[in-house]
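Notes follow the structure.
Quick note: numbers below take in every heavy atom, side chains included, and nothing from hydrogens, waters or symmetry partners. Reminder, nothing fancy here: chain letters follow the sequence lines and each chain counts from 1.
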Protein chains: 2
Amino acid sequence: MSEQNQKYASSDTRRREIAAAARAVIVEKGIDGLRTREVAARVGINIATLHYHVHSKEDLLRLVIEAMREEFVEQGRYIDAQALDPLAKLKLEIGEYKELIVHKPDLLPLFEELGKRARTDPVLEPIVREIRIGWHRRFVGLLDEGKANGQFRATLDAEAGAHMIVGALVAFQYKPRHLLPIFDSVADEIIRSVIAT
Amino acid sequence: MSEQNQKYASSDTRRREIAAAARAVIVEKGIDGLRTREVAARVGINIATLHYHVHSKEDLLRLVIEAMREEFVEQGRYIDAQALDPLAKLKLEIGEYKELIVHKPDLLPLFEELGKRARTDPVLEPIVREIRIGWHRRFVGLLDEGKANGQFRATLDAEAGAHMIVGALVAFQYKPRHLLPIFDSVADEIIRSVIAT
DNA sequence: GTTGAATTCAATCAACTGATTGATTGATGA
DNA sequence: TCATCAATCAATCAGTTGATTGAATTCAAC
């Protein structure tokens with residue numbers, strides 16, 4: 001008697017299933033396109049069952065964003081564990097961002113959607129801000145290090161440079177898939193724009 | 001008897017009013033937050049009157065995007081009319097973008113919203129694509145000119161550089177207002193990243 | 001003042017939406 | 001087997017949404 005044949009599932013299991021389905025819907029249809037009935041249908045439960053496990057649509061969003069935040073934290077942890085010089089680290093940051101686009105194609109669109117909602121949601125806003133500012137600061141930090149060790153040009157404004165780099169990377173999230181090969185040449189151009197000559 | 005006291009208005013006038021109200025709502029609440037009843041209320045007419053003048057919500061969107069397109073075309077025309085070298089032109093493009101953010105704070109958010117919709121709307125998509133690609137090409141063009149006349153560094157990949165610059169500029173649309181002073185330092189960094197040393 | 005067309009409105013429709021209610025079912029432990 | 005609690009469901013609620021209908025009003029021309 002496998003678990004799959006059980007009609008009932010524990011609340012933990014259900015919440016996970018519900019969050020995953022909600023995430024998929026948000027990525028496909030945007031946050032305003034999220035419908036609790038659709039989420040319930042995707043999980044294979046009744047709408048009232050969904051409400052039993054997740055009190056409200058608002059709680060559902062919280063669930064999704066919390067899982068997303070964990071994913072970003074994991075990503076940053078991995079990169080920090082590498083012992084690299086600033087130039088190599090910049091390349092790694094950029095490469096890992098590309099990996100996200102390629103292998104987790106739903107994470108960044110999810111962040112975009114939740115980021116948009118965060119503009120008017122006081123509970124989401126600090127979470128999204130923390131992720132954004134955290135990421136930006138990583139670039140400021142490593143640009144500063146690269147200047148200090150002579151790898152990056154002395155005229156580089158680390159703060160402004162970080163804005164420029166982050167902007168260029170984020171823009172790839174919105175580009176059609178067939179433009180992905182250009183990512184590498186943009187990555188190279190970013191490197192050329194900061195290295196000391 | 002001024003026009004303002006007239007209850008009835010010509011269809012041209014109403015359509016303009018309706019389009020303007022719809023635009024404001026889209027900017028405030030996103031495209032998914034656009035409600036025909038709210039648009040009607042803002043214009044001061046009944047929902048059925050709105051449908052009399054604008055057949056459907058879809059037509060309403062068409063109206064809004066068409067007006068937006070015109071604004072972008074005007075912008076490009078103004079810049080093209082200036083006789084400048086590539087570096088000065090790059091500075092002008094960047095400066096004019098900042099002017100948009102400051103003086104037409106609703107235009108770029110509107111483009112963002114309509115751009116998002118365009119991903120799944122075959123009628124909007126070519127319009128949005130035309131605006132995007134047109135703008136990108138302007139940067140490619142002037143980066144190429146700058147390389148040719150020696151103002152920009154010889155290692156510059158114009159295509160990739162344009163992606164980088166556009167991305168950095170667009171990112172300012174999403175930043176909180178208090179970060180606007182950083183725009184100028186990012187603009188300077190963009191210039192430093194491309195000029196020949 | 002009358003006429004006819006344009007414009008406007010209240011009421012209504014059908015469908016959708018987040019959420020609730022109360023009955024039923026499933027699972028577990030004694 | 002029985003009791004209890006967790007989990008599930010169909011039906012329902014109140015409100016929202018784009019859109020329609022038919023009557024009323026307004027305006028311009030004669």
Side-chain angles (χ1 to χ4, degrees), chain A residues 1-26 28-65 113 117 120-121 123-124, chain B residues 1-26 28-65 113 117 120-121 123-124:
Chain A
M1 185 57 71
S2 84
E3 260 197 51
Q4 282 179 25
N5 294 334
Q6 272 180 305
K7 181 170 184 174
Y8 284 28
S10 76
S11 210
D12 279 351
T13 301
R14 281 294 188 225
R15 284 170 69 85
R16 257 192 309 272
E17 289 171 344
I18 289 165
R23 177 182 172 139
V25 174
I26 292 171
E28 279 174 44
K29 304 188 179 183
I31 208 160
D32 288 318
L34 179 65
R35 297 289 168 262
T36 52
R37 279 180 168 90
E38 185 172 2
V39 172
R42 288 190 182 204
V43 178
I45 56 177
N46 178 279
I47 180 64
T49 309
L50 186 141
H51 281 287
Y52 174 81
H53 293 287
V54 178
H55 175 62
S56 66
K57 192 170 178 181
E58 204 64 38
D59 284 347
L60 182 55
L61 283 181
R62 301 276 178 290
L63 214 49
V64 173
I65 196 168
E113 283 299 314
R117 183 61 166 270
T120 54
D121 184 323
V123 179
L124 290 192
Chain B
M1 184 59 72
S2 86
E3 260 197 50
Q4 283 180 27
N5 294 335
Q6 272 179 303
K7 182 168 183 173
Y8 283 30
S10 76
S11 210
D12 279 352
T13 301
R14 282 290 189 229
R15 284 169 69 85
R16 257 193 308 273
E17 289 172 344
I18 289 165
R23 176 181 172 140
V25 174
I26 293 171
E28 280 174 44
K29 303 186 178 184
I31 208 160
D32 288 321
L34 179 66
R35 296 290 167 262
T36 53
R37 277 180 169 90
E38 185 173 359
V39 172
R42 287 189 184 206
V43 178
I45 56 177
N46 177 279
I47 180 65
T49 309
L50 185 140
H51 280 284
Y52 174 81
H53 293 287
V54 178
H55 175 63
S56 66
K57 192 172 180 181
E58 205 63 41
D59 284 347
L60 182 54
L61 283 182
R62 302 278 177 287
L63 214 51
V64 173
I65 197 169
E113 282 300 315
R117 184 62 166 267
T120 54
D121 183 323
V123 178
L124 290 192

A:Ile47 side chain, from C-beta outward: closest of C:dA11, C:dT8, C:dT20 | C:dT20
Report yes if a side-chain nitrogen or oxygen of B:Lys7 is closer than 4.0 Å to either non-bridging phosphate oxygen (OP1 or OP2) of C:dT8; otherwise report no.
-> no
Run the salt-bridge test on B:Asp121 and B:Arg62 with the 4.0 Å N-O cut-off and return the result as yes or no.
-> yes
Does a nitrogen or oxygen in the side chain of B:Gln6 sit under 4.0 Å from OP1 or OP2 of D:dA28?
-> yes
Whole angstrom is fine here: how far is it from CG in B:Asp59 over to P in D:dT20?
-> 11 Å
Proximal nucleotide (of D:dA24, C:dA19, C:dT20) relative to the B:Tyr8 side chain = D:dA24
Of A:Ser10 and B:Lys57, the one whose closest nucleotide on DNA chain D sits nearer the 5' end is A:Ser10
Would you mind telling me which of D:dT8, C:dA6, C:dG18 lies closest to the side-chain atoms of A:Tyr52?
-> D:dT8
To the nearest angstrom, how far is A:Leu61 atom CG from C:dA19 atom P?
-> 10 Å
What nucleotide among D:dC9, C:dT17, D:dA7 has an atom nearest to a side-chain atom of A:Arg37?
-> C:dT17
NA contact type, B:Leu34, heavy-atom cut-off 4.0 Å: base, sugar-phosphate, or nothing?
-> sugar-phosphate
Result for side chain to side chain contact (heavy atoms under 4.5 Å, CB included) between A:Arg23 and one of A:Ile18, A:Ile65, A:Val64 points to A:Val64
Answer yes or no: is there a side-chain heavy-atom contact under 4.5 Å between B:Leu61 and B:Leu34?
-> yes
Measure the CD1-CZ distance between A:Ile45 and A:Arg14 for me, rounded to the nearest 0.5 Å.
-> 5.5 Å
Think B:Thr49 has a side-chain N or O under 4.0 angstrom from the OP1 or OP2 of C:dC9?
-> yes
Nearest to side-chain heavy atoms of A:Asn46, which nucleotide of C:dT20, D:dC9, C:dC9 | D:dC9
Would you indicate whether the side-chain heavy atoms of B:Arg35 and B:Lys57 approach each other to under 4.5 Å?
-> yes
Interatomic distance where CG belongs to B:Asp12 and P belongs to C:dA6 [whole Å] | 14 Å
Given D:dT8, is OP1 or OP2 found less than 4.0 Å from the side-chain N or O atoms of A:Arg14?
-> yes
Let me know the distance between CD1 of A:Ile45 and P of D:dA6, rounded to the nearest Å.
-> 18 Å
Listed nucleotide nearest any side-chain atom of B:Ser11, set C:dT7, D:dG18, C:dG26 | C:dT7
Determine, for B:Arg117 against B:Glu113, whether the closest basic-nitrogen to carboxylate-oxygen distance falls under 4.0 angstrom.
-> no
Per atom distances to the B:His53 side chain, the nearest of C:dT8, D:dT17, C:dC9 is C:dT8
Rounding to a whole Å, what distance do you find between A:His55:NE2 and C:dA19:P?
-> 7 Å
Select one nucleotide: of D:dT17, C:dT20, C:dG18, the one nearest the side-chain heavy atoms of B:Arg35.
-> D:dT17
Roughly, in whole Å, what's the span from NE2 in B:His51 to P in C:dC13?
-> 17 Å
In whole angstroms, how far is the P atom of C:dT17 from the CG atom of A:Asp32?
-> 12 Å
Rounded distance in Å - CZ (A:Arg15) to C1' (D:dA6) | 15 Å
